[in-house]
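Read the structure below first, then the notes.
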Amino acid sequence: MGHLCRFLLAPPRLTLHVSTVLYQLCAWGIACLAAGVYSLWVLYLVLRKGPRAVFCRKRRNVPPRCLTDTSCGEHRYLTLREFRQTFKVVAVDLRGYGFSDAPAGSEHYQRDPLLEDVQGIIEALGTDEKNAFTKCILVGHDWGGAIAWEFAASYPNMVEKLIVLNSVQFQVFSEYLAQHPCQMLRSNYTFLFQLPKLPEFLCSCDNFNYIDVAECIRNIQVRAQFVSPVDFSGAM
């Protein structure tokens, strides 16, 4: 009976392994293609401005006001002024960011370890209070939003409300990506970030010109209204 079960399970297991390998090869292929396009952009900057201008970074001795305003707390203890009078607000860094632990190895940044981090934070904060709680209003933005979607689906009993900004649920995004290949061009940076070291180097060329240009193209009016040029430059 055991041999029969293994025999019947062999085809789906093989299909799963093959699909995983094909997916990884596709992702790495698109990542290398994106790296080539970004490298051509850097080459264009070198030809137009010269190597010294492109590879020399501006030194910033004074941090921007948005990072030194004491009313907002510190990087480790961020205070969200708009909500702190009504809620107990906790904004934490994901592992690898800021003062959080940054274990080596990509296996530490997979889905399950990140969800366990969020679970541990909610449990630790809940038991630390006089009136213990086990639920929270979970807010996530961009990559954090992707984790928030997954956490709410995996631990629904720990999420009272879910607020996600500028992020889409992974399954929905995957289905849309399959039906609209042009979305790969718009999301090319996500594939580029799969490569080690190179994305940081390419984005930092010409004093982080790519990030500045990208943000200006997205919404120059919003940036001008809420973020001063000094703060934006320092944050980069």
Side-chain angles (χ1 to χ4, degrees), residues 13-49 51 53-57 93-98 100-118 140-151 153-154 164-219 235-236:
R13 286 177 176 174
L14 179 61
T15 303
L16 180 61
H17 285 305
V18 171
S19 61
T20 301
V21 171
L22 290 177
Y23 174 81
Q24 292 177 345
L25 289 175
C26 180
W28 277 92
I30 298 175
C32 292
L33 180 62
V37 174
Y38 280 90
S39 297
L40 290 176
W41 171 74
V42 173
L43 178 61
Y44 164 75
L45 291 177
V46 171
L47 295 176
R48 188 167 68 93
K49 299 183 178 181
V54 174
F55 299 117
C56 182
R57 300 178 185 177
D93 288 322
L94 295 173
R95 57 170 67 192
Y97 290 88
S100 294
D101 293 339
S106 59
E107 67 275 8
H108 297 289
Y109 301 89
Q110 301 296 325
R111 172 185 179 275
D112 290 343
L114 295 177
L115 297 186
E116 290 172 1
D117 286 348
V118 179
H141 169 256
D142 203 32
W143 292 105
I147 298 173
W149 280 116
E150 292 295 315
F151 184 83
S154 302
V164 178
L165 297 83
N166 194 32
S167 183
V168 65
Q169 200 271 339
F170 178 75
Q171 188 63 34
V172 174
F173 179 72
S174 299
E175 294 176 358
Y176 185 86
L177 201 64
Q179 299 173 8
H180 302 81
C182 61
Q183 180 62 41
M184 290 187 180
L185 297 177
R186 300 186 179 96
S187 304
N188 63 83
Y189 70 95
T190 62
F191 296 98
L192 176 67
F193 289 167
Q194 305 306 308
L195 301 175
K197 304 295 183 181
L198 187 61
E200 291 86 345
F201 169 74
L202 294 176
C203 290
S204 65
C205 288
D206 195 22
N207 197 35
F208 297 91
N209 175 267
Y210 169 75
I211 299 177
D212 195 5
V213 171
E215 291 301 321
C216 286
I217 292 175
R218 286 177 183 176
N219 201 326
M236 288 197 299

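Values below: every heavy atom of this structure, side chains too, minus hydrogens, waters and symmetry copies.
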- Task: State whether the side chain of Ser167 and the backbone N or O of Val164 hold a donor-acceptor pair below 3.5 Å, judged by distance alone.
- Result: no
- Taking atom OH of Tyr109 as the centre, does the number of heavy atoms from other residues, nucleotides or ligands within less than 6.0 Å exceed 12? yes
- Message: Has Arg95 got a side-chain atom pairing as donor or acceptor with His108's backbone, closer than 3.5 angstrom?
- Response: yes
- OG (Ser39) and CH2 (Trp41) are apart, to the nearest 0.5 Å, by 10.5 Å
- Query: Could you state the interatomic distance from CD1 (Ile147) to CG (Leu114), rounded to the nearest 0.5 Å?
  - Reply: 4.5 Å
- For side-chain contact (heavy atoms from CB on, under 4.5 Å), just list the numbers for Cys203 and Tyr189, CA-CA rounded to whole Å, side-chain angles, deciding distance to a tenth of an Å, and then say yes or no. CA-CA 10 Å; Cys203 290; Tyr189 70 95; over 6 Å; no
- Message: Could you report the tightest heavy-atom contact between Phe173 and Gln183, atom names first, then the distance?
- Response: CE1-CG, 4.1 Å
- Item | Check against side-chain contact (heavy atoms from CB on, under 4.5 Å), Leu94 and Ser100 | CA-CA 7 Å; Leu94 295 173; Ser100 294; over 6 Å; no
- Message: To the closest 0.5 Å, what do you measure between NZ (Lys49) and CG (Asn207)?
- Response: 9.0 Å
- So, does Ser154 use its side chain to make a donor-acceptor pair with the main chain of Phe151 at under 3.5 Å? no
- Message: Using a 3.5 Å distance criterion without hydrogens, assess whether the side chain of Gln110 forms a donor-acceptor pair with backbone atoms of Asp112.
- Response: no
- Is Ser174 reaching over with its side chain to a backbone N or O of Phe170, donor-acceptor style, under 3.5 angstrom? yes
- Message: Angle between ring planes, His180 versus Tyr176, binned at 30° and 60°: parallel, tilted or perpendicular?
- Response: parallel
- Message: One pair to check against side-chain contact (heavy atoms from CB on, under 4.5 Å): Val42 and Phe55. What are the steps and the verdict?
- Response: CA-CA 10 Å; Val42 173; Phe55 299 117; 4.3 Å; yes
- Query: How many angstroms lie between CG in Leu22 and OG1 in Thr15, if you round to the nearest 0.5 Å?
  - Reply: 10.5 Å
- Note on the structure: Here the gap from Leu192 atom CG to Leu202 atom CG, rounded to the nearest 0.5 Å, amounts to 6.0 Å
- Item | Least distance between heavy atoms, Gly96 atom then Ala102 atom | CA-CB, 3.8 Å
